[in-house]
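See below for the structure under consideration.
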Amino acid sequence: MSLLAELQQRFRIPLAQLVGDDPAELASLLDMIKPAQDAKFGDYQANCAMPLGKKLSKPPREIATSIIQNLQIDDICESPEIAGPGFINLRLKQNWLRDQLDSVLQDPQRLGVQPVAEAKTYVIDFSSPNVAKPLHVGHIRSTVIGDALCRILRFAGHKVISDNHLGDWGTQFGMIIYGYRHFLNEAAFQSQPVAELGRLYREVRQTMDYLDKQESLPEQQQRLAALQSQIDELAAQPKSGDKAQDKKVAKELGRLKSQASELDQSIQQWTAKAAQLEAQTGWQQRIQQHKDIRQAVLQETAKLHAGDPDNQRLWELFLPKCRQVIQAIYDRLDVSFDQQLGESFYHNQLSDVVQEFVQKGFAQESDGAMCVFLDGFESPMLIQKKDGAFLYATTDLATIAYRVRTWNPDSILYVVDFRQGDHFQKLFAAARKWGFDNIEFRHVEFGTVLGDDGKPFKTRDGDIVGLEGLLDAAVDAAFQVVAENDDRKPNGPELSQEERQQIANIVGHGAIKYADLSQNRTSDYVYSTEKMVALKGNTAAYIQYSYARIRAIFAKGNVSPASLTDGSKQIRIDHDKERALAIQLLRFADAIREVSVDYRPNLLTNYLFGLATSFSEFYAECPVLNADAEEIKQSRLQLCHLVSGTLKTGLSLLGIQVAERM
RNA sequence: GCGCCCAUAGCUCAGCUGGAUAGAGCAACGGACUUCUAAUCCGUAGGUCGAAGGUUCGAAUCCUUCUGGGCGUGCCA
């Protein structure tokens, strides 16, 4: 049951009488029925009389009156009231609320959420890390948002195929192969292959970075000097007297200065790091011996792609081990995929894709590369480099073809960083040109994770932050809070060390996920460890805590949920807080639907935070076990049961677990 | 240069594709534990929604311009 859908259904008839039954217009008018902004206006409001006033050139209040006259709603609402310019305010009837809750109580699995009428098939592409590199903070958003969307859309009734498009075929493997051939510690590889592969990757990376940076250092220093002299010149300029002109100069000066200081900082960071490397024994020798490492790595990669048996064998040796590392994190995060078809799965289809594009006249050679020129785009999409190698775009096209062949989806979602927006716009345009024009392609984009300084989140040394470390930090912080809270309990601590750790795991991982999901996905967001440590306010912990408080009531009162749902008791809604809680409970279906419209999980976190808040207010004012009368106690237990079920289900749709005790 | 995105309380952010007096969480201040977990609740304070125009009954939301920032921009992914 959706509250909103029910109300909209009732308004359909009187509105059709006014404007006819054009579905688009009707839908837009029905969209103007919303939860009331302010409780004093009632529970819901219909705002459609005002725009109709314009259209029908009658006073909106008059239109509102005629809508109400034809509106059959007295089983759901008190008689509607017209307010202000023509708002129609609706107040739900206690009896109706009670009946609705009673029926949800009989439906613990779906909590009154009916599967969508038209189920669609979705392919959701998310996470997609390079398997040779450790997961870092940048992977959180794609993984967590993608997983939540899978769960939510599935719950809504759609068919969902989650697919992790692993980067398992790129330069990273050239790097590891090179490392294996030159830096291998055989014993370490035998005993701890995964760790050793990680080390090899880092060794090669470091060597390549060193050469890159050393090479570009003079140029950067030159740029810094140039900036500096530009600054000096500008600063030495006498004031022109023209205010606007002076202001412009001052602004330019400020910009140059911040550019210079940023550049200076990065140079200093690098020189410090380089000095550290050079202090290592054998570093100079390393550089001497491997000064061609960058070309060599490309060569190893090219050989792999060309089917060289030695490199192929090494790749087959490494891949499972690399995937094992990543899988461990997915296990920790409780994220799973239906498919994990990486780039390697598509590599032998790429030349066919290019050939087809050429044959159909969609692609042509330009500057030696194979290009797809698309209307509305300044630059073409490259599908083959002049050296013959294929690109990201080529693989993505092959992937689309495979997915359509295999699953025939209505929609393919890509949960990827917003910076790849251009790429996806081109990819989608090319795919439509190719004939896939009845599929919804959607780049579900998200913003960057920033550090406290407002810049992309890095460690103090400028390194990318590893994901495992963040998870550990969140769990540690959660452990502190769990322990503190338990120690402070009125009747002494209740939890064993083991239980505390288990709860800390649930709370810590939940905190990370929730912090991400509660943000509007399109905005950048500032990741602050401090915020994680807090675990109060609008966090997963707050919601989990509400759940645990309910479970504590049930434990203390020895209440079995079955006794509440056998139909022998009826919910009563007398107290204001009970009423608010009841309405919030019935909005669950609407929250699920809203998330599905534009793939925005934060609408579900908003809902759950609202529900937990409603519950906390109820909890503060309405005793449950000690209620004045037995019927009230039973009724409140029923409400509690519905809240705990909704919180648990809602969090599970975000990939977040609950603990029975906290 | 061109394209996309952003600017809302001291901080971090919501604001449901135009609705009534712009919300929440942190942080600050003041209250509430002999009563189901105080990770909570109640209250106070805090805003020219970057600026200026426009569209209309009505704008944080839509349009234009400007300012400030981020990102992308032919052989990385």
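What's counted below: heavy atoms across the whole structure, side chains too, no hydrogens, waters or symmetry copies.
- Nucleotides rU21(B) and rU65(B) place their P atoms 31 Å apart, quoted to the nearest Å.
- Residues forming a side-chain hydrogen bond (donor to acceptor under 3.5 Å, both in side chains) with S518(A) (at least two apart in sequence, or on another chain): none.
- With distances taken from any side-chain atom of S616(A) to the nucleotides rC41(B), rC36(B), rG19(B), the minimum falls on rC41(B).
- Residues R587(A) and D43(A) are not paired through a salt bridge, judged by the lack of any N-O separation under 4.0 Å between the basic side chain and the carboxylate.
- Taking the six-membered ring where tryptophan is involved, the planes of Y346(A) and H165(A) are tilted, since the angle between them lies from 30° to 60°.
- Residues Y619(A) and N485(A) both approach RNA chain B. Their nearest nucleotides, taken by heavy-atom distance, put Y619(A) toward the 5′ side.
- Residues satisfying the side chain to side chain contact (heavy atoms under 4.5 Å, CB included) criterion with A580(A), sequence neighbours excluded, are absent altogether.
- Rounding to whole angstrom units, CD of residue Q8(A) and C1' of rC16(B) are separated by 13 Å.
- Side-chain contact between L52(A) and P60(A) is absent, with no heavy atoms from C-beta onward closer than 4.5 Å.
- Within the nucleic acid shown, M662(A) comes within 4.0 Å of at least one base atom, counting heavy atoms only.
- Nearest-nucleotide assignment on RNA chain B puts the 5′-proximal partner with N606(A), out of E660(A) and N606(A).
- When the P atom of rG25(B) is taken as reference, atom OH of Y545(A) falls 16 Å away, rounded to whole Å.
- Side-chain atoms of S616(A) and R549(A), non-hydrogen and from C-beta on, do get closer than 4.5 Å to each other.
- Secondary-structure annotation of RNA chain B gives the stems B:1-7 with B:67-73, B:10-13 with B:23-26, B:28-32 with B:40-44, B:50-54 with B:62-66, with a stem taken as at least 3 successive Watson-Crick or G-U pairs whose two distances both fall under 3.5 Å.
- Between rG18(B) and rG54(B), the distance separating the two C1' atoms is 15 Å to the nearest Å.
- Residues F41(A) and F87(A) place their aromatic rings such that the two centres sit no closer than 6.0 Å.
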(request) Take L611(A) and L581(A) through the side chain to side chain contact (heavy atoms under 4.5 Å, CB included) test and state the conclusion after the steps. (result) CA-CA 7 Å; L611(A) 180 59; L581(A) 194 53; 4.0 Å; yes
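- Listed for the Q384(A) side chain is no donor-acceptor partner under 3.5 Å among the backbone atoms of F390(A).
- Per the geometry, CZ belonging to F446(A) stands 14 Å off C1' belonging to rC71(B), to the nearest Å.
- Put simply, Y542(A) does not rest on the base of rA39(B): the two rings are not both less than 5.5 Å apart at their centres and under 30° in tilt.
- Partners of Y619(A) by side-chain hydrogen bond (donor to acceptor under 3.5 Å, both in side chains), not counting sequence neighbours: none found.
- A sub-4.0 Å separation between OP1 or OP2 of rC57(B) and a side-chain N or O of K54(A) is present.
- In this view, Q45(A) and N47(A) satisfy the side-chain hydrogen bond (donor to acceptor under 3.5 Å, both in side chains) rule, not counting sequence neighbours.
- Using a 4.0 Å cut-off, some side-chain N or O of N520(A) falls inside it from OP1 or OP2 of rG15(B).
- The pair D486(A)-K489(A) counts as a salt bridge, with a side-chain nitrogen and a carboxylate oxygen less than 4.0 angstrom apart.
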Are there any protein N/O atoms within less than 3.5 Å of an N/O atom in nucleotides 26-28 of chain B, and if so, which ones and at what distance?
residue	atom	partner	partner atom	Å
rA27(B)	OP1	K536(A)	NZ	3.3

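- Residue-level contact check: F609(A) touches the backbone only, with heavy atoms under 4.0 Å from sugar-phosphate atoms and none from bases.
- Nucleotide rA39(B) holds its P atom 18 Å from the OH atom of Y514(A), rounded to whole Å.
- Remark: aromatic rings of F446(A) and F418(A) are distant, center separation not under 6.0 Å.
- When rounded to the nearest whole Å, the span between CD of E617(A) and P of rA24(B) equals 11 Å.
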Find every protein N or O atom lying less than 3.5 Å from an N or O atom of nucleotides 5-12 of chain B, and list the pairs.
residue	atom	partner	partner atom	Å
rU12(B)	O2'	K531(A)	NZ	3.0

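- Across all strands, P51(A) comes closer than 4.0 Å to base atoms (heavy-atom distances).
- Within the 4.5 Å cutoff, the side chain of I67(A) has heavy atoms near those of the I88(A) side chain.
- Using P as the reference atom, rC62(B) and rC6(B) are 9 Å apart when rounded to the nearest Å.
- With both ends at atom P, the span from rU34(B) to rA39(B) equals 15 Å, rounded to whole Å.
- Its glycosidic angle being within 90° of 0, rC33(B) falls on the syn side.
- For rA39(B), the base has no donor-acceptor partner in the side chain of D486(A) [N/O atoms by modelled type, under 3.5 angstrom].
- Within residues 80-88 of chain A, the residues having any heavy atom closer than 4.0 Å to RNA chain B are, in order of number, A83(A), F87(A).
- The closest side-chain heavy-atom distance from L15(A) to L26(A) is below 4.5 Å.
- Put simply, CG on N47(A) is 11 Å from P on rG18(B), counting in whole angstrom units.
- With sequence neighbours excluded, the residues satisfying salt bridge (charged side-chain N to carboxylate O under 4.0 Å, His left out) with R205(A) are D209(A).
- The distance between atom CZ of R549(A) and atom P of rC36(B), rounded to the nearest whole Å, is 11 Å.
- Aromatic ring centroids of F428(A) and Y414(A) lie under 6.0 Å apart.
- Q45(A) comes within contact range of at least one nucleobase, with a heavy-atom separation under 4.0 Å.
- For the pair Q519(A)/N602(A), no side-chain contact is recorded, criterion being any heavy-atom separation below 4.5 Å from C-beta on.
- Formation of a donor-acceptor pair under 3.5 Å by the T301(A) side chain with backbone atoms of V297(A) is found in this model.
- For residues 596-604 of chain A, proximity to RNA chain B is found at R600(A), N602(A), defined as any non-hydrogen atom under 4.0 angstrom from a strand atom.
- The backbone N or O of T522(A) sits less than 3.5 Å from a side-chain atom of N520(A), completing a donor-acceptor pair.
- Under a 4.0 Å N-O distance rule, the pair K55(A)/E25(A) qualifies as a salt bridge.
- The CG-P distance, from D516(A) to rA14(B), rounds to 12 Å in whole Å.
- Residue N89(A) is classed as a base contact, given a heavy-atom separation below 4.0 Å to a base.
- Of the residues in residues 624-643 of chain A, those with a non-hydrogen atom less than 4.0 angstrom from any atom of RNA chain B are V624(A), L625(A), N626(A).
- Relative orientation of the Y392(A) and H423(A) rings is parallel, given thresholds of 30° and 60° on the angle between their planes.
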(request) Go along nucleotides 72-77 of chain B 5' to 3' and tag each nucleotide: B for a protein heavy atom under 4.0 Å from its base, S when only backbone or sugar atoms are that close, - otherwise. (result) S-BBSB
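- A gap of 6 Å separates the C1' atoms of rA7(B) and rG50(B), to the nearest Å.
- Between H305(A) and W169(A), the angle of the ring planes stays under 30°, which puts this pair in the parallel group of the 30/60° scheme.
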